[in-house]
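Structure first, then comments.
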Amino acid sequence: MPDIVQVTYGQTGQSSKINALGMREMQELAYQARDSQYLLLKAPPASGKSRALMFIALDKLINQGLKKVIVAVPEKSIGGSFSTTRLKENGFFADWEPNPLYNLCTPGMDGSKSKVQAFKNFISNNEKILICTHATLRFAFEELEESQFDDVLLAIDEFHHVSADRDSRLGELLRSIMKKSTAHVVAMTGSYFRGDSAPVLMPEDEAKFTKVTYNYYQQLNGYTYLKSLGIGYHFYQGKYTSAILEILDTDKKTILHIPNVNSGESSKDKHNEVDTILDAIGEILKVDPETGIIHLKRHTDGKILKVADLVDDTDFRQREKIQGYLRDIKTVDDMDLIIALGMAKEGFDWPFCEHALTVGYRGSLTEIIQIIGRCTRDSSNKSHAQFTNLIAQPDAADDLVKLSVNNMLKAITASLLMEQVLAPSFKFKTRQSDDDKSDTDAGEIKIHGFKTPSSKRVRDIVESDLNDLKANILQDSDILKTVSGNVDPEVINKVLIPKIIQIKYPELSDEEVEEVRQYVVVDSVIKGGEIKEVGDQRFIRMADKFINIDDLHIDLIDRINPFQKAYEILSKSVTTKVLKVIQDVIESTRITMDFEEAKILWPKILDFKRTFDREPSLHSTDPLERRMAECIIYLKEEKRKQTNG
């Protein structure tokens with residue numbers, strides 16, 4: 001099927017240019033905030049967060065009086081990103097030179113006595129830089145006082161692993177260090193979305209951080225080689241191993257992530273799945289004893305493909321050989337296909353990768369973004385990067401049909417979120433008069449009746465947290481149920497979305513909630529639309545109509561479903577029979593009517609009666625008409641309850 005999302009970029013080269021200090025655009029942006037005690041850096045994969053941290057850390061050590069730097073990463077393989085780096089040769093005033101003795105991202109248990117002791121030794125000696133895993137940091141912290149982190153920079157990579165949940169030891173550790181020491185903190189993440197509902201930081205802690213946000217559009221638009229990115233889905237029935245060759249093009253450098261053994265897509269025998277895939281592609285000639293790399297002779301033309309199997313975890317030494325080879329890849333011909341399960345996501349760098357192919361729905365938006373990030377490095381061997389998700393198609397006869405439908409809906413809404421993340425950003429303002437025109441060249445759109453953010457908190461949310469908030473909205477179970485098209489757009493925009501905002505930001509006033517709501521809805525609708533120029537006028541396509549940008553009004557935008565594209569994707573991607581299965585499942589767990597929704601639907605019911613001279617029917621094929629009919633029943637029932645006291 002065609003891509004759900006297809007974004008084209010300008011190849012400006014801006015994001016990879018370096019300044020007089022050897023910094024790329026994002027790194028320079030982060031370095032400008034180097035004096036902050038608490039710094040939160042949100043930037044996409046491949047934007048250079050590791051090196052940005054080196055610049056900031058060295059300035060804190062040399063110019064700001066800090067004594068030590070501790071870099072904590074989620075897994076050992078990422079520790080290599082912080083190894084010795086020559087920065088002076090490009091104009092910076094110092095090199096990054098950690099002592100290998102204090103790189104604790106080495107084989108062995110993260111909580112071993114030797115690693116914890118090395119951490120404690122570091123705290124009390126004259127060494128400047130230590131690199132460890134999140135786990136080693138947690139174990140060592142249990143044996144230290146917070147005051148021992150005074151004048152220390154704590155840098156936490158892949159910060160989305162932290163949680164404000166009381167059961168998150170890393171979150172507790174961070175709060176404790178912030179409260180009881182003079183430590184500085186740099187938190188870095190390529191994706192601030194969590195797969196669960198717990199926030200990364202509590203609002204009062206997050207407010208202490210200076211935020212530097214560098215978005216995906218800035219990164220990808222500023223590349224030299226990559227021109228476009230596609231995100232698509234392929235639905236299959238039966239076993240995924242029999243459908244995979246339909247979309248696995250072995251001429252493209254590919255990372256294939258097979259499904260988790262606990263998922264419905266898995267056969268529960270991951271090793272057999274890998275063997276089946278390899279057999280379908282070609283014939284194994286040898287496994288290189290030095291590197292562990294499989295040499296596979298392709299059935300179609302006899303070409304020799306190099307394949308890395310990261311699924312097989314039975315031989316630790318073999319796994320280490322393969323990982324060592326992958327870390328040292330220098331040319332495009334060094335690797336053709338990587339098959340992985342839990343690995344090759346965060347921090348994994350293979351710039352030549354053209355296609356990230358993932359089997360099964362990933363429950364975490366973080367994971368999806370991390371996987372997409374594996375193929376969006378800029379490299380001379382590719383102008384297009386592709387992410388494809390292979391997902392089981394719902395079957396009415398299947399006991400797991402509800403789960404299957406839910407997975408499909410989540411996958412589609414995840415792609416809508418990615419479309420929002422990957423598109424250029426606009427700034428929205430109140431249109432004061434007919435002469436007050438929008439300037440889309442400057443990224444500014446003016447809207448009648450639009451509420452401009454009135455407080456610093458609202459401005460911070462729309463400037464730094466908008467995509468995170470959209471992730472919350474698109475993961476909400478009630479929003480997922482609107483994909484079947486049976487919920488009025490104004491109910492989505494004026495009832496469901498404000499409820500989610502109130503839960504995420506309980507400290508906001510009603511007026512601030514409305515300001516955030518308007519910004520979310522407007523941004524979602526505009527980014528989901530298509531802007532077209534006719535002469536000196538600009539039009540935006542919304543809900544199958546082209547509207548002059550200068551005629552936009554918040555009331556008009558509120559009548560548009562910001563997630564309409566999800567329904568269009570669904571209806572185009574599956575057969576009528578499968579679409580009926582999906583709608584039936586949603587119908588069986590549909591949103592319960594409440595007075596807020598009824599209040600919005602009632603004027604529409606009156607309009608319907610005037611237009612068609614009848615009441616809406618429960619048996620209509622139009623889901624919105626059925627919903628209006630349900631509203632009448634709901635209101636009659638409410639009236640009966642009131643009459644009976």
Side-chain angles (χ1 to χ4, degrees), residues 3-7 43-47 49 74-75 77-78 81 157-158 160-161 189-195 216 219-220 226 228-234 240 244 247-249 252-263 265-266 270 273-274 277 308-311 323 326 335 337-379 382 384-392 407-408 410-422 467 471 474-475:
D3 288 337
I4 289 172
V5 176
Q6 176 73 245
V7 193
S47 57
K49 291 187 293 295
E75 59 182 65
S77 60
I78 301 176
S81 302
D157 195 22
E158 308 295 357
H160 49 270
H161 286 264
T189 178
S191 162
Y192 207 49
F193 313 131
R194 287 184 56 84
Y216 280 77
Q219 169 73 1
L220 273 64
L226 191 66
S228 60
L229 170 64
I231 297 177
Y233 291 87
H234 187 93
Y240 84 84
I244 202 156
I247 44 171
L248 175 57
D249 180 354
K252 288 187 168 62
K253 306 296 178 180
T254 302
I255 295 179
L256 165 60
H257 280 102
I258 69 169
N260 184 288
V261 289
N262 297 317
S263 70
E265 290 89 352
S266 173
K270 59 186 181 181
E273 289 173 26
V274 174
I277 293 164
D309 175 6
L310 291 176
V311 176
Q323 287 179 319
L326 294 176
M335 181 54 54
L337 172 65
I338 296 172
I339 305 177
L341 202 159
M343 301 184 72
K345 295 174 190 173
E346 288 178 336
F348 178 77
D349 195 12
W350 182 28
F352 305 117
C353 178
E354 299 167 85
H355 189 191
L357 170 55
T358 300
V359 183
Y361 171 67
R362 293 317 201 242
S364 158
L365 290 168
T366 295
E367 193 174 348
I368 293 167
I369 285 174
Q370 292 287 2
I371 290 171
I372 291 172
R374 296 319 101 202
C375 65
T376 55
R377 263 65 172 165
D378 200 26
S379 176
K382 64 187 181 192
H384 179 76
Q386 181 70 37
F387 168 73
T388 308
N389 204 175
L390 186 60
I391 297 176
N407 284 351
M408 181 181 265
K410 284 180 177 178
I412 289 169
T413 51
S415 72
L416 292 186
L417 177 67
M418 288 308 301
E419 180 177 56
Q420 298 280 315
V421 167
L422 294 162
N467 286 330
L474 284 162
Q475 288 180 108

Original post:
Do Trp350 and Arg374 pass the side-chain contact (heavy atoms from CB on, under 4.5 Å) test, and can you show the C-alpha distance, the side-chain angles, and the key distance before you say yes or no?
Top reply: CA-CA 7 Å; Trp350 182 28; Arg374 296 319 101 202; over 6 Å; no
Subject >> Shortest non-hydrogen contact from Leu248 toward Thr254 >> reply: CD1-CG2, 3.9 Å
**OP:** Take Thr358 and Ile258, measure what side-chain contact (heavy atoms from CB on, under 4.5 Å) needs, and give me the verdict at the end.
**Re:** CA-CA 6 Å; Thr358 300; Ile258 69 169; over 6 Å; no
Original post:
What's the spacing between Asp157 CG and Glu75 CD if we round to 0.5 Å?
Top reply: 10.5 Å
Original post:
Is the side chain of Ser379 donor-acceptor paired with the backbone N or O of Arg377 at a distance under 3.5 Å, no angle test?
Top reply: no
**OP:** Taking all heavy atoms of Ser47 and all of Pro44, pick out the closest pair and write down the distance.
**Re:** OG-O, 2.7 Å
**OP:** Can you measure from CD (Gln386) to CG (Leu229) and round to the nearest 0.5 angstrom?
**Re:** 7.5 Å
**OP:** Given side-chain contact (heavy atoms from CB on, under 4.5 Å), test His234 with Ile391 step by step and report yes or no.
**Re:** CA-CA 6 Å; His234 187 93; Ile391 297 176; over 6 Å; no
**OP:** For Asn389 and Gly360, indicate whether the former's side chain and the latter's backbone hold a donor-acceptor pair under 3.5 Å.
**Re:** yes
Subject >> Residue pair Leu256, Ile338: steps toward the side-chain contact (heavy atoms from CB on, under 4.5 Å) verdict >> reply: CA-CA 6 Å; Leu256 165 60; Ile338 296 172; over 6 Å; no
**OP:** Please identify each residue that fulfils side chain to side chain donor-acceptor pair (under 3.5 Å) with Lys253, with sequence neighbours left out.
**Re:** Asp336
**OP:** Rounded to the nearest 0.5 Å, what's the gap from NE2 on His257 to CG on Leu310? Could you check?
**Re:** 8.0 Å
Original post:
Lys49 side chain to Ala43 main-chain N or O, any donor-acceptor pair under 3.5 Å?
Top reply: yes
Subject >> Results of side chain to side chain contact (heavy atoms under 4.5 Å, CB included) for Pro259 - residues two or more places apart only >> reply: Tyr240, Ser263, Glu265, Ser266, Glu273, Val359
Original post:
Rounded to the nearest 0.5 Å, how far does SG of Cys375 lie from CD of Glu354?
Top reply: 9.5 Å
Subject >> For Val7, all residues meeting side chain to side chain contact (heavy atoms under 4.5 Å, CB included), sequence neighbours excluded >> reply: Val5, Tyr9, Leu422
**OP:** Quick one: list whatever passes side chain to side chain donor-acceptor pair (under 3.5 Å) with Gln219, sequence neighbours left out.
**Re:** Tyr223
Subject >> Distance (rounded to the nearest 0.5 Å) between Thr388 OG1 and Asp249 CG >> reply: 10.5 Å
Original post:
Is it true that a side-chain atom of Lys382 and a backbone atom of Cys353 form a donor plus acceptor pair closer than 3.5 Å?
Top reply: yes
**OP:** Quick one: closest heavy-atom pair of Val311 and Leu341, and the distance?
**Re:** CG2-N, 4.0 Å
**OP:** Identify the heavy atoms of Ile247 and His355 that sit nearest to each other, and give their distance.
**Re:** O-CE1, 3.6 Å
**OP:** Rounded to the nearest 0.5 Å, what's the gap from CD1 on Ile255 to CZ on Phe387? Could you check?
**Re:** 11.5 Å
